[in-house]
Structures are given as structure tokens and as C-alpha cells.
> 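Quick one: the structure is below, questions incoming.
Computation of the quantities below employed the complete heavy-atom set of this structure, encompassing side-chain atoms and omitting hydrogens, waters and symmetry-equivalent molecules. The first residue in the sequence is number 1, and the count goes up from there. Quick caveat: nothing in here was measured; it's all calculated off a predicted structure.
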Amino acid sequence: MEPWFADAKPIDSLEPEIAFHLWDEFHPAPGRQPEPLALPEFPRASRLLARTSEAVGHEAELAAYYGRVAALARRHALKLHQVRQYFWMDLRLDNDEADVHLSFPWYDTFATMDHFLSAVAGNEQGMIFADQDQGWAVEVWARDGTLYIRESDPDSDDDDEPGQAVALPRAGLQDRIAPLRERTAKLVARLAKELGADVWTTGEAPSFP
């Protein structure tokens, strides 16, 4: 057992969700005036985020929004890597009742997120996932049907600070991850078909069509 397991907050579940970042302005280049960018009109809890659960049934609207982004990029002769931020995604695991909110601030493509999700969805035991970047780290352990997840700041000077650590049943989170992965994959496939390029899975599509 890791020492921080003892400090992990026991919770019943976490709700995993992936969202598409939205922008209401398009910035052509530094020093140039931004241009308005019309947002999709389907209902959302957050104006500038479209959760996968909210986007289902509104794929055409979301695809049209990304079509507007691509059109503006072409108008200003911008390459895909210059406008990657308009296609960023966001992964979170939340339990509002327990006031637990785990974020993955350096993950902006489905492939990076799915690496974490597939590790939790599998059956490996012990430390099943770990990653870190500037000011952020996450590690996940599986033991006897329980998941121990800790999000922390590896750059912190406080060695006694365990970060945000939780313990929860693995099966419950796995049940929620399966439909999320399927839903996200279908949405990305639909958006890629409409746009003519998959900008969401790895972020490495060669160019706009």
C-alpha cells in the first residue's frame, strides 16, 4: 500500500465526462482584431464547453461550428497546428456531492484521454496509470476492487501534502467509462467525416481539406 491510501477520501463514484472546448472569437494573428465565432445553440451547462452527453443529437450543429473554424483558418491562410486550440477537448471526473473534481489539464486530445480511460477500464492490478506535467500529476492504483486516485502538484514544496486523493469502487467507474468512450468515439468520427479531417483523436491531422 502507498502511504497516501490512508488519506484517500472514500466516495461512492465519479462521473467521467469529456467536453469540446468552444470559442466565441477567432483570433487570426497577434495584433489583429478577433472575429466573432458563432457558437452552437444546443443547451449546455457551460457556454464554452460542449459535453459529449450534451452533443449527442446535435452533431450537425457541432460540426457546423467546427466548419466555421476551418473556414476562418483557410481565409487567414493558417495551418492546422496554428489553430489547434480551437479543437481542444477536456476530461474531468467529478462527484459534486462529495466536492471531488479531478482534472487532466494537459490532455487535449481523445487519444491521451483514452489512454487513462482504458487503463481504468481494464483488469490490471497495482499502479495501473501514472502521468505528470508542469504542476500536475495523477496516479491510479487498483487493489481488491477499489481504485485509489490521487491528483497532486509534483512541484509543491510541501512533501506532506497528499494532494486530492480518493478511493472508490472500480466497477462503478468502469460502468460509466464504457458508454463515455463509445459516445466520444462516435462523435469524433461524425465530426471528422463532416470536416474531412480528424483533428480530435491525436491532434495530428495533416491539414484542413
> When the ring centroid of H21 is compared with that of Y86, is the distance short of 6.0 Å?
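No - the distance between ring centres of H21 and Y86 does not fall below the 6.0 Å cut-off.
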> For the residue pair H76 and E35, confirm or rule out a side-chain donor-acceptor distance under 3.5 Å.
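A donor-acceptor contact under 3.5 Å links the two side chains.
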> Closest approach of L22 and P40, non-hydrogen atoms and distance?
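That closest heavy-atom pairing would be CD1-CD, 4.1 Å.
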> Using the six-membered ring wherever Trp is involved, compare the ring planes of W4 and Y148 and label them parallel, tilted or perpendicular (cut-offs 30° and 60°).
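The arrangement is perpendicular - the two ring planes meet at more than 60°.
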> Tell me, yes or no, whether the heavy-atom count around E124 atom CD, taken from other residues, nucleotides or ligands under 6.0 Å, exceeds 12.
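Atom CD in E124 is not packed in, count stays at 12 or less.
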> Between E54 and R51, is there a donor-acceptor pair closer than 3.5 Å when you use the side chain of the first and the backbone of the second?
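Checked: pair present.
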> When you compare the side chain of L14 with that of L102, does any pair of heavy atoms fall below 4.5 Å?
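They are in contact (side-chain heavy atoms under 4.5 Å apart), so the answer is yes.
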> Tell me whether the count of non-hydrogen atoms from other residues, nucleotides or ligands lying under 6.0 Å of CD in E25 goes above 12.
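Yes, the 6.0 Å shell around CD holds more than 12 heavy atoms from other groups.
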> Is there a side chain to side chain contact (heavy atoms under 4.5 Å, CB included) between D131 and F129 once you walk through the steps?
CA-CA 7 Å; D131 196 8; F129 187 85; 4.0 Å; yes
> So, F20 versus F87, ring centres under 6.0 angstrom or not?
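No, the ring of F20 stays outside the 6.0 Å limit from the ring of F87, centre to centre.
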> With no hydrogens and no angle check, is any side-chain donor or acceptor of D155 less than 3.5 Å from a backbone partner on G135?
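Yes; at least one donor-acceptor contact below 3.5 Å.
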> Assess whether side chain to side chain contact (heavy atoms under 4.5 Å, CB included) is satisfied between L37 and Y65, documenting all intermediate values.
CA-CA 8 Å; L37 180 55; Y65 161 80; 3.7 Å; yes
> Taking E194 for its side chain and L191 for its backbone only, find out whether a donor-acceptor pair lies under 3.5 Å.
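Not confirmed, E194 side chain does not pair with L191 backbone.
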> Charged N to carboxylate O under 4.0 angstrom, E139 versus R150?
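Judged by the 4.0 Å cut-off on N to carboxylate O distance, E139 and R150 do form a salt bridge.
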> Hey, is the main chain of N95 close enough, under 3.5 Å, to the side chain of E15 for a donor-acceptor pair?
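Answer holds: no.
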> Kindly give the heavy-atom pair with the smallest separation between A98 and I11, and that separation in Å.
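Nearest pair, atom of A98 first, then I11: CB-CG2, 3.7 Å.
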> To the nearest 0.5 Å, how far apart are CZ in F26 and CD in Q33?
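If I round to the nearest 0.5 Å, the distance is 14.5 Å.
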> Regarding E17 and R176, does a basic nitrogen lie under 4.0 Å from an acidic carboxylate oxygen?
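The answer is no: the pair does not qualify as a salt bridge.
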> Does a side-chain heavy-atom distance below 4.5 Å link T184 with D114?
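Of all side-chain heavy-atom pairs linking D114 with T184, none is under 4.5 Å.
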> Just by distance, with hydrogens left out, do S103 and R92 show a side-chain donor and acceptor under 3.5 Å apart?
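No, because no side-chain N or O of S103 sits under 3.5 Å from a partner of the opposite role on R92.
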> How far apart are the closest heavy atoms of V166 and A8, and which atoms are they?
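Heavy-atom minimum between the residues: C-CB, 3.8 Å.
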> Please report the shortest heavy-atom distance between E59 and L187, naming the atom on each side.
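Minimum heavy-atom separation between E59 and L187: CG-CD2, 3.5 Å.
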> Hey, can you tell me if H58 and F42 have their rings parallel, tilted or perpendicular (30° and 60° cut-offs)?
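Aromatic pair H58/F42 classed parallel.
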> Return yes if some donor-acceptor pair links the side-chain N/O of D94 with the main-chain N/O of H101 below 3.5 Å, else return no.
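Here the side-chain-to-backbone pair does not exist.
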> Crowded around K193 NZ? As in, over 12 foreign heavy atoms under 6.0 Å?
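No, the 6.0 Å shell around NZ holds no more than 12 heavy atoms from other groups.
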> Measure the CG-CG distance between L173 and D12 for me, rounded to the nearest 0.5 Å.
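Interatomic distance, L173 CG to D12 CG, rounded to 0.5 Å: 12.5 Å.
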> On a heavy-atom basis, which atom in T201 and which in T109 lie closest, and how many Å separate them?
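Minimum heavy-atom separation between T201 and T109: O-CB, 3.3 Å.
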> For a quick test of reading the model, state the closest non-hydrogen atom pair linking L147 to I128 and the distance between them.
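Smallest heavy-atom distance, with atoms named: CD2-CD1, 4.0 Å.
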> Is the ring centre of F110 less than 6.0 Å from the ring centre of W200?
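Judged by ring-centre distance (under 6.0 Å), F110 and W200 do not meet the cut-off.
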> Using the benzene-type ring in the case of Trp, are the ring centres of W136 and Y107 under 6.0 Å apart?
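Ring centres of Y107 and W136 closer than 6.0 Å.
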> Under 3.5 Å, side chain of Q174 to main-chain N/O of A121, donor-acceptor pair present?
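Yes.
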> Just one of L93, D133, I149 clears the side-chain contact (heavy atoms from CB on, under 4.5 Å) bar with V138, so which one?
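Going through L93, D133, I149 one by one, the side-chain contact (heavy atoms from CB on, under 4.5 Å) with V138 is satisfied by I149 alone.
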> Check for a donor-acceptor pair, side chain of W23 on one end and backbone N or O of Q85 on the other, with a separation under 3.5 Å.
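Side chain of W23 to backbone of Q85, a donor-acceptor pair under 3.5 Å: yes, one is there.
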> Taking the side chain from E182 and the backbone from L180, do they hold a donor-acceptor pair closer than 3.5 Å?
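Pair absent, no side-chain N/O of E182 close to backbone of L180.
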> Without swapping roles, check the side chain of R68 against the backbone of A38 for a donor-acceptor pair under 3.5 Å.
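Present.
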